[in-house]
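Per chain, numbering begins at 1; letters A, B, ... match sequence-line order.
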Amino acid sequence: MALFRVLARLLHSSPRLSECSKAGETSFFLVHLEKRALRDVSKLPRSAARLSTEAKEKRSKVTRKNQEHGSVLNELMNVKEKPRPTQLTVGAKVVQAGKDFTYLLVVLGGFAVAGFLLWSVGSEFFSSNSPQTVYSKALKRVRLDPHVVEALGGPISGHGELRGRGRRREPLHQEYVVEGVTYMRMKFYVKGSLRSGTVQLDMKKNERGKYELRFLFVELDGGPMRTIVIEDNR
Amino acid sequence: MEDFQREPCPWRIMEDCGAAFAMGCIGGGIFSFWKGYRNSPMGSRVSGSLSAVKARAPVLGGNFAVWGGLYSTFDCALIAVRDKEDPWNSIASGAITGAVLAARNGVKASIGAAIAGGVILAVIEGVGISINRAVSEGYKPVIPQVPDPAQLNQQGPPSSYQSPYPPQ
């Protein structure tokens, strides 16, 4: 019967397929086999075709396999190895070294920029002369002052000048020079549960280059005008 | 006057979320337009890049919006907890946002993302701080022009200070 014929042919062809792939022969033979198998199946009568579902499955598997093998083999055959120079010429070496050096420079530049930015943040936080440190210390003193706590009430929060999209991180500050001595004036805002206020402070650099407080006071906003003097060394 | 300014905090979250979405959409649009142009075959380059933009840009915008919204939320929470607004808040909230968004990948990944977020926000803060510094270094007046608060008795510059203007 046709069914047995197909099965026999498939069984017969499958070991040769593997042989083909192993041996790395051309795919033409596989394609030829596949075509023959297809022709045989299409020749089968309807009933026989229905009966031979198993065979069909096998055939489809084999077809897939054939296609895979075919494509891989085709690829292998069609890819021509480019002739590679076994040794770089002096010119090529110089070009490559120049490229490597440029990339190295770019990478180092990136690291330098990132390092500089991180350093500027670190010095802003940890240097005793930076505006952030001055702001933190002044806010601590304002919070500890009993008059201020009484006037403003509750927990006192501090913030700097509003700039862009709700950021109020930096206090307004200005360094200025009088007779070669550096001063810094700063202004930031405090808010309690009752009232809000503006803190004004001034610092003077001493001989060792450290800032010393000249004055620090809190102006209460609105209501009866009042200024609470926390320190005045002038 | 500051009195009439409302507190930025709860409203800022929405603002940051929207700004981040816009930024992600624009940046993602440019990037995926370029990528789509390169990856499409000849003849359908523009249509390919447009479909890449349609597919990719809103996704990136959404990712940015999630990041921005969470970041701003944590920033506001830290401000409320610490009663203080300073760059620490933003760096810490960047780290927390990274950690939270990577939380499903395990503790290790979460810590890594936290460090990355903190460093990114620190670099952004560093840009702001160094620009500020450069500007204030350039403008350091030699004569104090900041007025003393009016309530205290005025005390000008030291007595030996010479006025640059000629006496009249």
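Of the candidates A:V134, A:L201, A:T198, A:L201 is the only one forming a side-chain contact (heavy atoms from CB on, under 4.5 Å) with A:F188.
Shown here for B:S93 and B:Y71, the closest heavy-atom pair between the two residues is OG-CE1, 3.3 Å.
Using a 30° and 60° split on the angle between ring planes, A:Y183 and A:Y176 fall in the parallel class, below 30°. In this pair, A:F215 and A:F217 present their aromatic rings parallel. The plane angle is below 30°, not in the 30 to 60° band.
Contacts of B:I91 with chain A are made by side-chain atoms alone, with heavy-atom separations under 4.5 Å and no backbone atom involved. Residue A:F125 touches chain B through its side chain alone, counting heavy-atom pairs closer than 4.5 Å. The part of B:A19 that comes within reach of chain A is its side chain, from C-beta onward, which places non-hydrogen atoms under 4.5 angstrom from that chain. B:W88 touches chain A through backbone and side chain together, each having a heavy atom under 4.5 Å away. Contacts of B:N132 with chain A are made by side-chain atoms alone, with heavy-atom separations under 4.5 Å and no backbone atom involved. In this structure, chain B has a heavy atom under 4.5 Å from the side chain of A:R163, while its backbone stays farther away. Residue A:K191 touches chain B through its side chain alone, counting heavy-atom pairs closer than 4.5 Å. Both the backbone and the side chain of A:E124 have a heavy atom closer than 4.5 Å to some heavy atom of chain B. Using a 4.5 Å cut-off between heavy atoms, B:R82 touches chain A through its backbone atoms (N, CA, C, O) alone.
Highest contact tally toward chain A, considering only B:P87, B:C9, B:A122, is held by B:P87 [criterion: heavy-atom pairs under 4.5 Å]. Highest contact tally toward chain B, considering only A:V190, A:L118, A:T182, is held by A:L118 [criterion: heavy-atom pairs under 4.5 Å]. The greatest number of non-hydrogen atom pairs below 4.5 Å with chain B, out of A:I156, A:D202, A:L117, is found for A:L117. The most heavy-atom pairs under 4.5 Å with chain A, out of B:S72, B:S130, B:G128, B:A80, come from B:S130.
Counted by atom type alone, B:T73 and B:R12 present zero donor-acceptor pairs between their side chains at under 3.5 Å. Donor-acceptor pairing under 3.5 Å is recorded for the side chains of A:T133 and A:S130.
Salt-bridge annotation for A:E219 and A:K187: absent, with no side-chain N of the basic residue lying under 4.0 Å from a carboxylate O of the acidic one. Using a 4.0 Å cut-off between charged side-chain N and carboxylate O, A:E175 and A:R185 make no salt bridge.
Cation-pi geometry between B:K84 and A:Y135 is met: under 6.0 angstrom from the ring centre, within 45 degrees of the axis.
Between A:K99 and A:L104 there is no side-chain heavy-atom pair separated by less than 4.5 Å.
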Item checked: side chain to side chain contact (heavy atoms under 4.5 Å, CB included) between A:E207 and A:V181, intermediate numbers included -> CA-CA 9 Å; A:E207 297 80 38; A:V181 183; over 6 Å; no
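More than 12 heavy atoms of other residues, nucleotides or ligands shown are found within 6.0 angstrom of NZ on A:K205.
Proximity to chain B at a heavy-atom threshold of 4.5 Å picks out A:F116 from residues 109-116 of chain A, in numerical order.
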